[in-house]
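Below you'll find the structure, written out as C-alpha cells, and then a few comments.
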Amino acid sequence: MLPKSSIIEPHWQGVWEKQQLFLTDKAPQGPKYYDLVMFPYPSGNLHMGHVRNYAIGDVIARYKRMQGFSVLQPIGWDAFGMPAENAAIKNKTHPEPWTDKCIEHMKVQLKRLGLSYDWSREVNTSKPDYYKWTQWMFLLMYERGLAYRKKATVNFCPKCDTVLANEQVVKEDKCWRCETLVEEKELEQWFFKITEYGDRLLNDLEKLAGWPEPVKIMQRNWIGKSEGVEIKFKIQTPSVPSGHLPLAKGEKERGLVIYTTRPDTLFGVTYMVLAPEHPMALELSKGTSQEKPVRDYIDKVKHESTHERSMKAAKDGVFSGGYAVNPANNDTIPIWIADYVLMEYGTGAVMAVPAHDERDLAFAKQNNLPIKQAEPYTGDLGVKKTNYKLRDWLVSRQRYWGAPIPIIYCDKCGTVPVRKEDLPVLLPTDVKFTGEGASPLTTSKTFLKAKCPKCGGEGRRETDTLDTFNCSSWYYFRYTDPHNNKMPFDPGVSKSWMPVDQYIGGIEHAILHLLYSRFFTKVLFDAGWTSCDEPFTNLLTQGMVVKDGAKMSKSKGNVVDPDNIIQKYGADTARLFILFASPPERELEWSDAGVEGCFRFLNRVWRLVSEPAPPRRGGSKIQGNRDVQSQVPGQIIERKTHQFIKGVTEDVEKFSFNTAIAKMMEFTNLLYEYKNDKSLISNSAFAIRNLLLLLSPFAPHLSEELWHQLGNKDSILKQAWPKYDPALIAETEIVIPISINGKLKDTITVPADAKEEEIKQKALANEKVKNTTAGKQIIKTIYVPGKMINLVIK
RNA sequence: GCCCGGGUGGCGGAAUUGGUAGACGCAAGGGACUUAAAAUCCCUCGGUUGCAUAAACCAUGCCGGUUCGACUCCGGCCCCGGGCACCA
C-alpha cells in the first residue's frame with residue numbers, strides 16, 4: 001500500500017484550509033454557482049447517507065470551480081428536533097449541550113472527508129442568532145394573514161398526559177413509552193395558509209425543468225387539485241319523515257351535501273358515506289336501531305390515530321340508520337358511516353358509485369351493498385367547486401426544542417405578535433424534561449409571563465414551538481448572508497447567489513421539505529425580499545443508502561460508521577466507492593466488499609504516477625488492447641485521452657459518476673499497458689496529467705499529492721477542467737455487428753468512413769454469414785449507419 | 001390502501017434515439033513471482049449441451065403483444081423500496 005491516506009489527507013486538508021481555498025467572497029466574482037446539499041440533523045454520527053449526499057455535492061462543487069464558476073458550497077445544522085429532547089428526557093440533561101456535542105463530533109467527521117465547504121458560513125438553527133429569524137419568518141406570515149389558529153387533532157397519551165408524534169405511536173396505536181392506547185385530542189394550534197398558495201405551487205412546477213419528473217408528479221398529487229361539484233341529497237329516515245330533522249342556519253331544506261368529481265355517474269349511486277366525524281353521523285342514527293352501533297363505531301375510530309386510519313388496508317364502516325334520495329332518479333339509498341371518507345377533504349361526505357370507484361366497490365362487496373351499472377347522467381346539478389388535497393400546514397409543536405412561536409396572549413388585546421425588535425424570544429433554561437405532561441415550556445417560571453406589546457399589561461406567552469420544517473424552509477437564504485444581525489438576509493446580497501443552482505438531497509424529502517421551502521420562497525417573493533419565486537433551479541434526489549435492505553437511520557440502528565472506512569482506506573476511497581457503487585438517484589446497498597476495489601484502483605493510479613517504469617516483476621507479457629493492436633501506440637494514447645476527457649465530462653455533466661469512475665479505471669488500465677514504453681513518455685505525461693485533473697473532484701487528496709509530485713507548484717483545485725479536441729477523438733476503424741433475423745452472427749471491422757455498399761459486400765462475404773444463409777433467400781437487408789447490419793432470411 | 005420509484009450474472013452495476021446484453025468493479029477458479037505470506041501481475045468467468053478458445057439453444061422479475069430487431073415501446077400480473085402531513 002503506497003499512498004498513506006492517513007498522512008496525505010490531513011496534510012492537504014490543512015494546506016487547503018490555510019490557503020482558504022473554499023472561502024467564498026461575499027458576492028460572486030464572475031458566473032455564480034450555488035451548490036447546496038441538504039443540511040444534516042445532528043444525530044451525533046455521520047452515516048453513509050450523509051457521505052453520499054456530500055460526496056455528490058463536493059464533486060459538483062469542485063468540477064464547477066475548475067470550470068471557472070464562483071462556487072458557493074455551504075454547510076450547517078438543522079439542529080432543532082425531537083431526538084435531542086428525547087435524549088434530554090433519557091439522560092436527565094438539556095437538549096442544547098447534547099446537540100452541541102453532536103455537532104462537534106460530526107464536524108470532525110465531516111472535515112475528515114475533505115469536503116470543500118465554506119465553513120465561515122456555517123449555520124446552526126438552534127442558536128438564537130438563527131432562530132431569531134425563524135421567528136421573524138413566523139411574524140412575516142402573521143403580518144401577511146398567513147398564520148392563524150384553529151383546532152386540530154393530535155395523538156395523545158392519556159397516561160403520560162402528553163402529545164405524541166406519529167413516530168411515537170407504535171404498533172396498534174400504542175404509546176411508545178407506556179404502551180397505553182393512544183387517543184385523539186383536539187387542541188388549538190397554529191397553521192400557515194399554504195393552501196392559499198396551492199395553485200401557484202402547482203402551476204410553477206412547470207417552471208422547474210431541472211427537477212426530476214417523479215418529484216413533480218408527487219408534489220402535483222400531494223396538492224391534489226380537483227374540479228368537481230357539490231350536490232345536495234335530501235334525507236329520509238324510516239322513523240322521521242323527510243325534512244323533519246332540524247335545519248342548519250340558512251338552509252331551506254335539510255340535506256346532505258357531498259363533493260364529487262364525477263357527477264356523470266349519479267345514476268350509479270347505490271349508497272352514501274359519511275366520515276365518522278361528520279356532524280350528521282350520530283344524528284341520523286337517533287331513534288333507529290342503529291343508534292348504538294353508530295355510537296360504538298365513532299368511539300372506536302376515535303381511538304385510531306388519523307395516521308393509522310389512512311393507511312390500513314381494510315376499511316370498515318356501519319349503517320347510519322338513515323336514507324337519502326338520489327336527486328337524479330328519486331331512488332332511496334342508505335347512508336353509511338365509514339373511515340375511508342375523511343372529514344378534512346371535500347364535505348366529509350361522498351356519494352358511492354361501486355361500478356366506477358374501486359374503494360366504493362370494495363366497500364360495497366364487503367357490506368353487501370348493490371352495485372349498479374348505469375347510463376351517464378347528463379343533467380345539470382350542484383355547484384361547481386375546486387378542491388385540494390393539500391391542507392394548511394400545522395406548525396405548532398407541543399415541545400421544547402424548537403423556536404418558540406413569538407406570540408403573546410393578552411386578556412385585553414387578545415392574540416398579539418411579539419415586536420420584531422424584541423426578537424428573539426429566547427428558549428428558557430429553567431425547564432424540566434420528563435416526557436410527561438404539557439410542553440416543557442409551560443414548566444418555566446421565567447418564560448410564561450410577558451408584557452403585552454400593545455397595552456403593556458400582563459400577558460402570557462405562547463408555549464408551542466415551531467415545527468422544524470420552518471428552520472429548513474429558509475436556511476438557503478441565510479447561507480447567502482449568514483452573519484447579518486439586522487435582517488434574515490440582505491436582499492441585495494442574497495440576490496447575487498440565489499436561486500440555488502443545484503440542490504442535492506434524499507428522495508425522502510420529495511414532498512414536505514421541498515414544498516414548504518417553495519412556499520416560504522413565494523411568501524418572501526411576495527413580500528419583496530427576493531426576486532426568486534422558486535428556490536431550487538435543479539434538483540438531484542439521491543437514493544437511500546440501505547443496509548440489509550432497510551433504510552439506514554438513527555431510529556433503526558443499522559448505521560454503518562464512515563469513520564471505520566476512512567480510517568482503514570482514507571476519505572478518497574470512501575468517496576470514490578460510494579459514487580462508484582450505484583448511480584446517485586438509485587438506492588445503494590452498502591457492502592464492505594467493493595471498497596477494496598476502489599482502494600486498489602487509487603493505488604494503481606499512485607503507482608502509475610509515482611513509480612515511473614518499475615521493473616515488471618512476474619506475470620506474462622503484456623498484450624495491447626485488441627481492437628487497436630494494429631495502430632501506433634502514441635496516437636492511441638492521444639486519441640484515448642481525448643475520448644476520455646469527453647466521456648468523463650459528459651458523465652459528470654449528467655451526474656453519472658459511477659460510469660465516470662469506470663472510465664477512469666479503464667483509462668488507467670490502458671496506460672498500464674504502455675507504462676514501460678520509454679518512447680511514449682510525452683504521450684503518457686499528457687494522459688496522466690489529464691487523469692489527475694479529472695480524478696481530482698472525486699479523490700482530491702490523492703490527486704493533489706500526485707499533482708505536486710509531478711512538479712506542479714499550484715493546487716490542482718485551481719486548474720481548469722480539461723478540454724478535448726474533437727478532431728482527435730475519431731477512431732480510424734469501426735466494428736459493425738452482423739445479425740441474421742436479429743441474431744448476432746459475427747462482427748466485421750471496417751474503415752470508419754466505409755460506405756454502405758462496401759459494408760454490405762463485406763458482410764455477405766463473411767464465412768459465418770455464408771454458412772447461415774446457404775440455401776436460404778435474403779429477403780431484406782437493414783443497415784443502420786455505423787451501428788449494425790441485419791439480414792432477414794427465409 | 002393511495003402516490004412515486006426499482007427488479008439485468010454469485011454480487012454492485014453498464015448498455016446514445018429500439019440496434020453486439022453483461023462495460024467497470026467485487027467475489028470465485030487457475031497460473032506467475034516469493035523460502036512463505038501479503039502486495040502485485042497474467043488468464044478464465046451468465047446458464048445448459050459439448051473435448052472445444054467448434055456449434056447450438058436459453059437468458060434482463062412473470063405472462064402476452066408490437067417490430068427485421070425489445071433490458072428499452074404497449075397491455076396484464078408478482079415482488080422490493082420511499083412518501084403519506086408531529087422522524088428529519
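So that the names make sense, note that chain A is the first sequence line, chain B the second, and so on, each numbered from 1.
Relative to the side chain of A/Pro583, the nucleotides B/A88, B/G13, B/G82 differ in distance, and B/G13 lies closest. Distance from the side chain of A/Asn669 is smallest to B/C24 among B/C24, B/A88, B/A27. When distances run from any side-chain atom of A/Leu744 to the nucleotides B/U20, B/G82, B/A85, the shortest one goes to B/U20.
Phosphate proximity of B/C41 to A/Arg607: present, with a side-chain N or O under 4.0 Å from OP1 or OP2. Of the side-chain N and O atoms in A/Arg604, none sit less than 4.0 angstrom from OP1 or OP2 of B/G25. Side-chain nitrogen and oxygen atoms of A/Asn658 include none within less than 4.0 Å of the OP1 or OP2 phosphate oxygen of B/G12. In terms of phosphate contacts, A/Arg391 brings no side-chain nitrogen or oxygen within less than 4.0 Å of OP1 or OP2 of B/A85. Contact annotation: A/Lys768 side-chain N/O to B/A56 OP1/OP2 distance is not under 4.0 Å.
Applying the Watson-Crick and G-U wobble criteria (two distances, each under 3.5 Å), B/G5 pairs with B/C80. Searching all strands for a Watson-Crick or G-U wobble partner of B/A55 with both distances below 3.5 Å returns B/U49. Here B/G75 sits opposite B/C63 as a Watson-Crick or G-U wobble pair (both hydrogen-bonding atom distances under 3.5 Å).
A glycosidic torsion no more than 90° from 0 defines the syn conformation; B/G76 lies beyond that range and is anti.
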Notebook entry, point to check: For A/Tyr41 and A/Ser472, what are the C-alpha separation, side-chain angles and deciding distance, and is it a side chain to side chain donor-acceptor pair (under 3.5 Å)?
Noted result: CA-CA 10 Å; A/Tyr41 174 80; A/Ser472 55; over 6 Å; no
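Of the residues near RNA chain B, A/Ala662 and A/Val163, the one whose nearest nucleotide (by heavy atom distance) lies more toward the 5' end is A/Ala662.
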